[in-house]
Amino acid sequence: MKIAVCVKQVIDTEAVKKLDPASWRLDRSVACVLNPYDEYAVEEALRIKEAHEGEVVAVCMGPEKAEEAVRKALAMGVDSAVLVTDPALAGSDAQGTAYVLAEALRTFEWDLVLFGVRSTDGETGCVPAAVAEQLGVPLLSTLAKVEVQGSTLTVHRETEQGYVAYECPAPAVLSVIKGINEPRYPSMKGIMGAKKKPLDVKDASSLNLDVSRFGQSGAKTRVLSGRSPEPRKAGVKIEDDGTGAQHIADFLASQKLM
Amino acid sequence: MSDKNGILVVAEPKDGKLANVTLESITRASALAATAGGPVSVVIIAADAGALSANAGRYGADRVYVVETPEAAVFRPGLFVDAAMAAIRAADPALVLCAGSPDGRDVASGCAARLGAGLLVDITGLEIQDGRFVVTHPCFGGSVIVEKEATTSPAVATVRPNVFAREEAPRDAEVVALSVGFSPSSLLTKVLEVVCENAGIVSLEEASVIVAGGRGVGSAENFALIRELAVELGAAVGASRAIVDEGWVHHQYQVGQTGKTVSPQLYIACGISGAIQHAAGMQTAKCIVAINRDPEAAIFNFADFGIVGDLNVVVPALTTEIRRRKAAS
Ligand SMILES: Cc1cc2nc3c(=O)[nH]c(=O)nc-3n(C[C@H](O)[C@H](O)[C@H](O)COP(=O)(O)OP(=O)(O)OC[C@H]3O[C@@H](n4cnc5c(N)ncnc54)[C@H](O)[C@@H]3O)c2cc1C
Ligand SMILES: Nc1ncnc2c1ncn2[C@@H]1O[C@H](COP(=O)(O)O)[C@@H](O)[C@H]1O
């Protein structure tokens, strides 16, 4: 089974995220990491490969430095990668990103495309469904379990109450959640080996992308203004002397929260 | 508002009812209807869609499209997109509102892709300015708040639960049955089984009150203290990542940057230090109460009301106190 796994480089959660007020784009000059959710997708892809043989290809759209995130996926055990990078891609919204990823995915064959459930900076959780639409294959998102038998996929989609089990033939687009597995750490050997693995760098023209569909000009949403919310202030703080619970109850009653 | 007509809400059926976020979206859409200059329509896609339509009218819908088929008894992404698209063609709305839930996101994203429409995700505000829809969207865990618009009509948006009020405004909604030809690729996905392991729990994202526990709870068994308080308050239960990683509670309960984003009226944090990644998922709560024995804990920097104390004492005492006050009233 040949599996593509879409990975994004995101800003480290420890870093303070800022929007550039001129372009309303995210300032990406700070520390970046592989999107934590995508580690589950990479791990799942590797496990499927290990159980059924095959190949795993990482696909990433991002600035040149996104190569670091791609190398991490390679170090974990992914076989090769495609990095789509082009200054013209900056400012793409979820739809534009999905268009570019779908076009990159059309350049090679695969049976399955895996995604993380969302990125910790884009936070839309919408790219997987949009890619599935672009490619015209079924989508199953938010998965806590993926089983492959021949070309049949059996998956568990998490719900508030438990899960729904679905069956679907490959090819398909799947997004996986935290908890589906425990992502491996890249080994020293993996990290060394990753440097030599094939990385295919593509730009907008090599993918014959339609400029009206990506980047700032192709974006179908526009930020009008941005602000920092009023920082929350520290409220009342009371040392418990045995009446703490009553204080809380009084407070809740005063706020009509009880 | 261009030549498109009003707002279409794609309903989320849930346990034989309409999800709260759907009723909230209908309420908000009706409040804007006069300015939006078009009707509020709702599409209900479910095996029992007809039975749910009265509720949509009660919250102010003018028209309810009903896609009633056994195929839609359980959520199936492609099939729900097919049905929502049929309603979009029938209603020709300027704005499509979906639930800010996993199902709603799949439907919204699928429809936006098919329509080539702008997709506004996780909105917490919706206004009309100069004849255009403008939405509010908190990003990066609420650390930046932006106003956005779509450059297309229709636009598609997902609505965060719990941010709009839910108010009845009964109307005699016109009910229109839609028959939908599902695409072959949508029918490839088959439901094998629906498993309810925790039936009856209050949904974290929709809850108006959340009681959350962190490492200070001490053990998996002791998490019962959190659950008991939650039951007394009719609240959902939340957790920090620390105790999800410990395996004390299921990761479904995790609030924060790599968990759920919640905006309840009240969030009670017990034994949670208030790390930036936890705050990212809950700092848009209207009111935060913290119980922590460390007076320097970061959570006190942004809690509205804090008790410095041992949760093993304060939490059960609070459960008892609330029970007592409820009995007395
Ligand atoms: C990439 C990344 C993503 C992350 N995502 C998330 C996320 O989504 N959600 C999340 O929550 N965290 C997340 N974290 C982890 C986060 O940084 C914190 O480590 C975590 O939130 C801490 O959990 P805690 O507050 O329960 O534990 P601790 O930080 O250990 O705090 C426990 C608190 O309990 C108090 N306490 C102890 N005993 C008692 C008692 N008897 N009575 C009262 N108080 C007591 C202590 O004073 C302390 O303040 C993430 C981290 C990273 C690096
Ligand atoms: N620029 C990108 N390159 C590769 N994959 C991406 C990119 N953006 C999003 N994804 C994938 O889509 C998932 C959901 O992201 P998002 O819709 O941004 O929350 C991520 O977990 C990734 O798997």
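Proteins come first, then strands; the chains are lettered A, B, ... in the order of their sequence lines, and each starts at number 1.
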Most contacts with chain B, counted as non-hydrogen pairs under 4.5 angstrom, among A:Pro128, A:Ala165, A:Gly235: A:Ala165

Locate the shortest heavy-atom distance separating A:Leu139 from B:Pro77; write the atom from each residue and the value. O-CG, 3.2 Å

Against chain B, work out which of A:Val236, A:Val164, A:Thr124 has the most heavy-atom pairs shorter than 4.5 Å and name it. A:Val236

Non-hydrogen atoms of chain A under 4.5 Å away: do they reach the side chain of B:Val195, the backbone, both or neither? both

For a 4.5 angstrom cut-off between non-hydrogen side-chain atoms, does A:Ile238 reach B:Val308? no

Judged by atom type as modelled, is there a donor-acceptor pair below 3.5 Å linking the side chain of B:Glu147 to the main-chain atoms of A:Gly226? no

Between A:Lys233, A:Glu239, A:Lys178, A:Gln134, which shows the greatest number of heavy-atom pairs under 4.5 Å with chain B? A:Lys178

At a heavy-atom separation under 4.5 Å, does B:Gln254 approach chain A through its side chain, its backbone, both, or neither? side chain

Do you know which two heavy atoms are closest between B:Ile307 and A:His247, and how far apart they sit? CD1-CB, 4.1 Å

Scored by heavy-atom pairs under 4.5 Å with chain A, the best of B:Glu193, B:Gln265, B:Arg293, B:Gln252 is B:Gln252

Would you mind reporting whether A:Gln161 and B:Glu197 have side-chain heavy atoms less than 4.5 Å apart? no

Using a cut-off of under 4.5 Å on heavy-atom pairs, state which of A:Gly136, A:Cys168, A:Ser225 scores highest against chain B. A:Ser225

Could you report the tightest heavy-atom contact between A:Glu160 and B:Leu204, atom names first, then the distance? OE1-N, 3.7 Å

Tell me, out of A:Ser228, A:Cys126, A:Ala129, who's got the most heavy-atom pairs with chain B below 4.5 Å. A:Cys126

Pick one of side chain, backbone, both or neither for B:Asn301, based on which atoms fall under 4.5 Å of a heavy atom in chain A. backbone

In terms of heavy-atom contacts, A:Thr142 and B:Pro102 come closest through OG1-CB, 3.8 Å

Quick one: what part of B:Ala112 sits under 4.5 Å from any heavy atom of chain A, side chain, backbone, both or neither? both

Within-4.5 Å side-chain heavy-atom neighbours: B:Cys287 and A:Leu257: yes

So, B:Ser185 side chain and A:Pro138 main chain: donor-acceptor pair closer than 3.5 Å or not? no

Output the option from B:Val313, B:Asp106, B:Val107 having the highest count of non-hydrogen pairs under 4.5 Å with chain A. B:Asp106

Is A:Lys237 reaching over with its side chain to a backbone N or O of B:Pro295, donor-acceptor style, under 3.5 angstrom? yes

Among B:Ala279, B:Gly116, B:Ser101, residue most engaged with chain A (heavy-atom pairs, under 4.5 Å): B:Gly116

Name the region of B:Val135, side chain, backbone, both or neither, that has any atom closer than 4.5 Å to a heavy atom of chain A. neither

Before you tell me yes or no, could you show the steps for B:Arg325 and A:Met258 under side-chain contact (heavy atoms from CB on, under 4.5 Å), namely the whole-Å CA-CA distance, both residues' side-chain angles and the distance that decides it to 0.1 Å? CA-CA 9 Å; B:Arg325 290 191 188 199; A:Met258 215 165 77; 3.7 Å; yes

Cut-off 4.5 Å, heavy atoms of chain A, and the answer for B:Thr284 is backbone

Pick whichever of A:Ala94, A:Ala249, A:Gly179, A:Gly244 has the most heavy-atom pairs under 4.5 Å with chain B. A:Ala249

Against chain A, label B:His250 side chain, backbone, both or neither, depending on which of its atoms sit under 4.5 Å from a heavy atom there. side chain

Contact origin within A:Ala132 toward chain B - heavy atom pairs under 4.5 Å: neither

What part of B:Val315 is in contact with chain A, defined as an atom under 4.5 angstrom from a non-hydrogen atom: side chain, backbone, both or neither? neither

Under 4.5 Å heavy-atom distance to chain B, tell me which part of A:Asn35 shows up: side chain, backbone, both or neither. neither

Contact part of B:Glu321 toward chain A, heavy-atom cut-off under 4.5 Å: side chain, backbone, both or neither? side chain

Residue part contacting chain A, namely of B:Val134, when any heavy atom lies under 4.5 Å: side chain

Chain A contact via B:Lys286 - which portion, at a heavy-atom distance below 4.5 Å: backbone

Chain B contact via A:Thr154 - side chain, backbone, both or neither, heavy atoms under 4.5 Å: side chain

Which atoms of A:Tyr37 are under 4.5 Å from chain B, going by heavy atoms: the side chain, the backbone, both sets, or neither? side chain

Segment of B:Asn292 engaging chain A (4.5 angstrom heavy-atom cut-off): neither

Quick one: are B:Thr189 and A:Arg157 in side-chain contact, heavy atoms under 4.5 Å? no

What part of B:Ala108 gets closer than 4.5 Å to chain A, counting heavy atoms only: side chain, backbone, both or neither? neither

Between B:Val314 and A:Ile248, does the side-chain contact (heavy atoms from CB on, under 4.5 Å) criterion hold? Intermediate values first, please. CA-CA 9 Å; B:Val314 179; A:Ile248 296 176; 4.0 Å; yes

If you count heavy-atom pairs within less than 4.5 Å of chain A, which of B:Pro316, B:Gly306, B:Ala317 leads? B:Gly306

Checking heavy atoms, do the side chain of A:Ile177, its backbone, both or neither come under 4.5 Å from chain B? side chain

How long is the gap from CD on A:Gln95 to OG on B:Ser109, to the nearest 0.5 Å? 6.0 Å

So do A:Tyr166 and B:Arg76 actually touch side chain to side chain, heavy atoms under 4.5 Å? yes

Counting only non-hydrogen atoms closer than 4.5 Å, does B:Ile288 touch chain A with its backbone (N, CA, C, O), its side chain (CB onward), both, or neither? both

Might you work through the side-chain contact (heavy atoms from CB on, under 4.5 Å) test for A:Arg118 and B:Thr258, ending with a clear yes or no? CA-CA 9 Å; A:Arg118 65 185 156 100; B:Thr258 47; over 6 Å; no

Check the side chains of B:His251 and A:Glu158 for a donor-acceptor pair under 3.5 angstrom, ignoring hydrogens and angles. yes

Can you check whether A:Asp93 reaches B:Leu119 side chain to side chain, under 4.5 Å on heavy atoms? no

Within the side chain of B:Thr151, is there an N or O that forms a donor-acceptor pair under 3.5 Å with the backbone of A:Lys220? yes

Are A:Arg222 and B:Glu149 within salt-bridge range, i.e. N to O under 4.0 Å? yes

Does a side-chain N-to-carboxylate-O contact under 4.0 Å join A:Arg232 and B:Asp304? yes

